[in-house]
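Order of listing sets the numbers, starting from 1, for every ligand and every atom in it. The first residue in the sequence is number 1, and the count goes up from there. Fair warning: this is a prediction, and the values are worked out from it, not measured in the lab.
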Amino acid sequence: MAATQPRHAASAAAANLAEARERTLALVADLSDADVEAAHSALMSPLVWDLAHIAAYEDLWLVHRHGGGGLLQPELAAMYDAFETPRAVRGDLPLLDRAQALAYLAQVRERALEVLEGRGPGDGTLVELVLRHELQHGETMLQAIEHARLLPSPALRPDPRPPAPGGHSGLESVEVPGGPCTIGARRFGFAYDNERPRHRTHVPSFRIGRTPVTNATWMSFTEGGGYERREWWSDEGWSWKEDYDITHPGGWARGPAGRRQWRIDGWAPLHPDEPVVHVSWFEADAFARAHGARLPTEAEWEKAATWDQATGTARRHPWGEEPPCPLRANLGQAGLGPHPAGAHPEGEAPCGALGMLGDVWEWTASDFRGYDGFVARPYREYSEVFFGRGYRVLRGGSWASRERATTASTRNWDLPVRRQIFSGVRLAWDAD
Ligand SMILES: [Fe+2]
């Protein structure tokens, strides 16, 4: 029994890694070498950088740190270290070409599997770190693919979208009663350092949007002078908007038949019932002010997503303990875009909010900081070096986030000007 358990854990880990790899490779399978190797934008890495970076990370954490082996190609370590080599310069480097990056991925994977075979997965933390890292890069690569308007593989056809239930604009709200709640990842099981320690806090009563704000509602904002009314914008937000001539969310265009939207799989009419996506924090903030609302704090967001007032406990997911599934949340890249607001009533949070996980990342009012008692683990560059530097927190994951890597305590962060991410907005209001 003692011998079969580690072997079972090692083969489960290998199967998870294989599934992640299959997806990574499918994302680029039908793109040309030129598209995979080009730097399409200073905001996004060349896709080929992501590929080799995934390999370098796996080699560092599974083969070297977990297995005690040397690095396969130590001379590549700095170029594929996310912190040492920021996005803006990745396109200027002598990166591995596509074939070399794919070979590097395969060679490192072989070494990693040997380590798993020989030593087992240990307590599983480093395997999970490496696995989630690859899953998260799948989302980053989808952002790059969409941003550069490369069409993804025909093998990645979206699952049928659920019908719009109607009645959701993003301006309807539900009440979250005031009182104590628990925030952060549970003590046991994998979580990133920035989700811990789990702690009690008091959140006064407030209202939160039942769903994220929809395209139709954003269109009214746009057409009602939302991008021209100075009084709705912060000073910083206004200068950003003026400097970059921002007049609508990313990917919108006006065609002969009305507004269109660039989606991952091409141009489509703007779907009024879907959550707005590709808005910056500055736009989200201005939109909220224009509606006599504000963005929720992180604690408010997590309380709304998980706190069960009846039992006085936090749920693992908005709907309960059961893992995510397509009925409950639009995660996992199956839809290749957001689903209509309110389309997953089975995923309802205790307060009645819908779509808290999946569809679009939701900007919060909060700066990215460590919780009291934060301990960097396993390395400072994962979270700590970003604390207190003007990054705002996003919550809830998007349609492109993998289920395994997205929980109600997951914290994402980006600068308030950024909107290449799949970012949307859910409003909050002080209690009456
Ligand atoms: Fe990374």
Side-chain angles (χ1 to χ4, degrees), residues 16-17 19-21 23-25 27-28 36-37 39-66 71-74 76-91 93 95-96 98 100-102 104-106 108-109 112 125-147 190-195 333 361 368 376-387 389 391 393-394 397-398 400-402 404-406 410-415 418 420-423:
N16 289 331
L17 289 167
E19 192 278 338
R21 180 57 47 83
R23 186 69 179 183
T24 303
L25 298 179
L27 293 177
V28 294
V36 173
E37 290 166 13
H40 298 279
S41 142
L43 287 180
M44 306 297 309
S45 313
L47 291 162
V48 78
W49 186 90
D50 287 86
L51 296 175
H53 165 72
I54 290 169
Y57 194 91
E58 182 166 319
D59 204 31
L60 174 64
W61 289 101
L62 269 186
V63 179
H64 178 59
R65 296 282 168 86
H66 180 55
L71 295 179
L72 177 63
Q73 297 201 58
L76 297 180
M79 187 155 70
Y80 293 108
D81 180 297
F83 198 69
E84 286 188 47
T85 305
R87 284 185 181 182
V89 304
R90 289 173 192 167
L93 299 171
L95 299 177
L96 299 183
R98 177 202 202 134
Q100 291 166 331
L102 293 176
Y104 184 32
L105 275 168
V108 168
R109 177 56 54 88
T125 303
L126 293 184
V127 181
E128 191 68 25
L129 185 76
V130 165
L131 174 61
R132 291 197 191 198
H133 180 254
E134 181 156 357
L135 297 178
Q136 288 178 341
H137 271 274
E139 177 160 3
T140 319
M141 290 166 70
L142 280 165
Q143 289 166 17
I145 287 169
E146 191 190 278
H147 196 72
F190 181 88
Y192 290 107
D193 56 2
N194 64 54
E195 301 172 59
Q333 307 175 357
W361 287 99
F368 187 47
R377 203 178 274 133
Y379 57 106
R380 285 188 68 241
E381 289 75 15
Y382 187 78
S383 308
E384 192 177 9
V385 295
F386 298 98
F387 291 164
R389 292 172 167 261
Y391 291 88
V393 174
L394 301 105
S398 79
S401 311
R402 297 298 303 275
R404 192 178 186 104
T406 318
T410 300
R411 306 170 75 196
N412 190 4
W413 62 96
D414 213 331
L415 294 170
R418 292 282 188 257
Q420 84 287 358
I421 46 179
F422 301 112
S423 50

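Distance alone, capped at 3.5 Å, places no donor-acceptor pair between the E58 side chain and the A55 backbone.
Among residues two or more places apart in sequence or in another chain, the side-chain contact (heavy atoms from CB on, under 4.5 Å) test is passed with N16 by L131, R404. With sequence neighbours excluded, the residues that form a side-chain contact (heavy atoms from CB on, under 4.5 Å) with A52 are Y80, L96, A101, Y104. Remark: Y379 engages W61 in a ring-ring contact (aromatic ring centres under 6.0 Å, His included) (not counting sequence neighbours).
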Full working for side-chain contact (heavy atoms from CB on, under 4.5 Å) between R87 and W49
CA-CA 9 Å; R87 284 185 181 182; W49 186 90; over 6 Å; no

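Aromatic ring centroids of H147 and H40 lie 6.0 Å or more apart.
Excluding water, every protein N/O/S atom under 2.8 Å from the Fe ion (ligand 1) is given here by residue and atom: H53 NE2, H133 NE2, H137 NE2.
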